Amino acid sequence: MASGAVNKFVEICKYLQDPIHVARFQRFCGVKGTFPEKWTQPVIGQPDPDCPGLRKRVQQSSNEGVGNGDAGVPQVNGKQEDDTVRPDGPAAAEIVRAKPLRRNSLTGDVGQEFLIHNKFLFYLFTFGTELGNEMFFIVFFPFLFWNIDALVSRRLIVVWAWNLFVGQSTKDMVRWSRPASPPVVKVEVFYNSEYSMPSTHAMTGTAIPFCLFMLTYGRWQYPFLFGFGVALSWSVLVCVSRVYMGMHSVLEVITGFLYSLLVLAFFQPILDKIDNYYMTDHYAPLVIIVSHVSLGLVAFSLDSWSTSRGDTAQGLGTGAGAALASHVNYQLGLLQDPPLSSLPLTLPAVTTGLVLRSLLRFAIGVAVLLATRMVMKAVTVPFLCRLFGLPSDDVRQARQQMKVELPYRYIVYSVVGFSCVCFVPILFWILKLD
């Protein structure tokens, strides 16, 4: 009986892993590829003879799956209109031909053309997938820290960094390739060179909103159903967007969702102790640096180069910088958390002055962070290339070296994290915006 249950479970996993389900969902949502006519659709459930068991990642060339398209299709805002094709699912009045919006400069993958039949769903799921990208977190965490609740932001960064490390490291150990294209349309190619099991977007898009809910419910006054509904909606949007983008199978998204809940269940009981240790212990700076660098070395030793290694180092570097800044703030008596007697907190009355002040703080702070990141990027890579005797004229090739990419990510994003938590609040104090 046990073996039968295991076989049934394996069959279900194989079924959910089939890229045909991704392609069907994309067509239902109004995304259609421009694949060559000679391509034939495989049978659902039929195993791929080239990918038994442990599958290998395939570095796709920049012209893979790119059709010639219709030269007679007019362009609208850089995209081509096409009223000759109809979607399998929700129809739209306007159809456009497009290519992936984000391209990875390190891999050179430009992606394939595809047809958008439902622009609302395209923009909705583009927004959903951006909730797991770097630019969102460089906006979300600072806004939360500067304008709402510094304690919640600090602890979210801890969960985010560890969640990213666990997810990306698991990818490099499992080593499953992205869904096959065709039949899947690669609406996004930025992360196409990475392995795909589990979906780290699904992990982050689940861990962050639910951790935010658990940290704020009881600390702030709001209805339980409201907070839970926002967290669930956020998570579902991110998870579904990864299937829409053609980056993950249904199985990989479900695994990422459940995996993040497991990580969250582990960290939630000890998150308060970790945060207090980072701020109060005299040896905390040493422990922070050693632990985060060690985890980065572990992640970089799991597989050959891919963008996932840099993302892991980036998350760990940000977490290390924010933790070090929290220690400095506590030791200097800066940014004290509200006393327990003041809980639960209530949102202040929304006035024009409060909104303008918050927006001004946010604009100044993000400008400082972006300028810091730009300067550190411009300085760090040439310095590391010179230090290790590598040519600095080819940045893409240089950053595929662990001795460049690992310290580069750590230095740049630890400085960004430190600036967000320590330097920018001091700047607000100087400008009397605190």
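Predicted model, so just to flag it, every value in this text is computed and none were measured.
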Q: Would you please indicate yes or no on a ring centroid separation below 6.0 angstrom for Phe145 and Phe140?
A: no

Q | Note, Tyr408 side chain near Gln314 side chain (heavy atom, < 4.5 Å) | A | no

Q) Rounded to the nearest 0.5 Å, what separation is found between the NE2 atom of His327 and the CD1 atom of Ile288? A) 7.5 Å

Q. Could you state the interatomic distance from CZ (Phe28) to CG (Asn118), rounded to the nearest 0.5 Å?
A. 9.5 Å

Q. Does Leu237 reach the side chain of Phe127, with side-chain heavy atoms less than 4.5 Å apart?
A. yes

Q. Are side-chain heavy atoms of Phe122 and Val31 found at a separation under 4.5 Å?
A. no

(Q) Measuring from atom CG of Leu124 to atom OG1 of Thr129, what distance do you get when rounded to the nearest 0.5 angstrom? (A) 11.5 Å

(Q) Just so I know, are the side chains of Met376 and Ile411 near enough to count as touching, which here means a heavy-atom distance under 4.5 Å? (A) yes

**Q.** Closest contact, heavy atoms only, Ile148 versus Trp220
**A.** O-CZ2, 3.6 Å

Q) What orientation do Trp162 and Phe165 show, parallel under 30°, tilted 30 to 60°, or perpendicular over 60°? A) perpendicular

Q: For Phe125 and Val187, run side chain to side chain contact (heavy atoms under 4.5 Å, CB included): C-alpha distance rounded to whole Å, both residues' side-chain angles, the deciding distance at 0.1 Å, then the answer.
A: CA-CA 10 Å; Phe125 290 127; Val187 182; over 6 Å; no

**Q.** Spatial distance of atom NZ (Lys14) from atom CD1 (Ile12) [nearest 0.5 Å]
**A.** 12.5 Å

Q.
Quick check: do Ile289 and Leu324 have side-chain heavy atoms less than 4.5 Å from each other?
A. yes

**Q.** Nearest heavy atoms of Val152 and Leu212, plus distance in Å
**A.** CG1-CD1, 3.6 Å

Q: Would you check, one step at a time, whether the test side chain to side chain contact (heavy atoms under 4.5 Å, CB included) holds for Leu345 with Gln221?
A: CA-CA 6 Å; Leu345 303 173; Gln221 289 184 343; over 6 Å; no

Q: Kindly assign one of parallel, tilted or perpendicular to the pair Tyr278 and His292, based on the angle between their ring planes and the thresholds 30° and 60°.
A: tilted

Q. If only atom types and distance count, is the side chain of Ser153 paired as donor or acceptor with the main-chain N or O of Phe141 below 3.5 Å?
A. yes

Q | Nearest non-hydrogen partners of Ser177 and Glu252, listed with the distance | A | O-OE2, 3.9 Å

Q: Using a 4.5 Å cut-off on heavy atoms from C-beta on, say whether the side chain of Val366 contacts that of Trp146.
A: yes

Q. Is there a side-chain contact between Val287 and Tyr277 (heavy atoms, below 4.5 Å)?
A. yes

Q) With sequence neighbours left out, which residue pairs that include part of residues 198-213 fulfil the side chain to side chain donor-acceptor pair (under 3.5 Å) condition? A) Asn133-His201, Lys171-Thr200, Ser199-His248, Thr206-Ser235

Q) Ring centres of Trp234 and Phe210 under 6.0 Å apart? A) no

Q: Can you spot which of Thr255, Leu251, Val253 makes a side-chain contact (heavy atoms from CB on, under 4.5 Å) with Leu16?
A: Leu251

Q: To the nearest 0.5 angstrom, please state how far the OG atom of Ser326 sits from the CE atom of Met279.
A: 7.0 Å

Q.
So for atom CZ, which belongs to Phe388, do other residues, nucleotides or ligands contribute more than 12 heavy atoms lying within a distance under 6.0 Å?
A. yes

Q) Just by modelled atom types, is the Asp172 backbone N or O under 3.5 Å from a matching donor or acceptor in the Arg175 side chain? A) yes

Name each donor-acceptor pair under 3.5 Å that joins a side chain in residues 259-268 to protein atoms two or more places apart or in another chain, with its distance.
unit_1	atom_1	unit_2	atom_2	d
Tyr259	OH	Thr170	OG1	3.0
Ser260	OG	Gly256	O	3.4
Ser260	OG	Phe257	O	2.7

Q: Kindly say whether the aromatic ring centers of Tyr222 and Tyr217 come within a distance under 6.0 Å.
A: yes

Q. Of all heavy-atom pairs between Ser241 and Gly128, which one has the smallest distance, and what is that distance?
A. OG-C, 3.6 Å

Q: Identify the two heavy atoms, one from Pro344 and one from Gly218, that lie closest to each other, and give their separation to 0.1 Å.
A: CB-O, 3.5 Å

**Q.** Side-chain (Asn163) to main-chain (Val159) donor-acceptor, under 3.5 angstrom
**A.** no

(Q) Could you tell me if the side chain of Thr216 sits less than 4.5 Å from the side chain of Asp149, heavy atoms only? (A) no

Q: Take Val240 and Phe25 through the side chain to side chain contact (heavy atoms under 4.5 Å, CB included) test and state the conclusion after the steps.
A: CA-CA 10 Å; Val240 176; Phe25 178 74; 3.5 Å; yes

(Q) One pair to check against side chain to side chain contact (heavy atoms under 4.5 Å, CB included): Tyr244 and Val22. What are the steps and the verdict? (A) CA-CA 7 Å; Tyr244 178 91; Val22 179; over 6 Å; no

Q.
Are His21 and Tyr15, when compared by the centres of their aromatic rings, separated by less than 6.0 Å?
A. yes

**Q.** salt bridge (Lys or Arg N to Asp or Glu O under 4.0 Å) contacts in which one or both residues fall within residues 153-170, not counting sequence neighbours
**A.** Arg154-Asp275, Arg154-Asp337, Arg155-Asp272, Arg155-Asp275

(Q) If the test is side-chain contact (heavy atoms from CB on, under 4.5 Å), which one of Met247, Met245, Gln26 qualifies with Val184? (A) Gln26

(Q) Once rounded to the nearest 0.5 Å, what's the spacing between atom CG of Leu131 and atom SG of Cys239? (A) 11.0 Å

Q. If you measure from the Lys or Arg side-chain nitrogens to the Asp or Glu carboxylate oxygens, is any gap between Arg242 and Glu188 under 4.0 Å?
A. yes

(Q) Tell me if a side-chain donor or acceptor on Ser169 pairs with a main-chain N or O of Val166 at a distance below 3.5 Å. (A) no

Q: Provide the closest heavy-atom pair for Leu369 versus Ser419 in the form atom of the first, atom of the second, distance.
A: CD2-CB, 3.9 Å

**Q.** Heavy atoms of other groups near Tyr330 OH, more than 12 under 6.0 Å
**A.** no

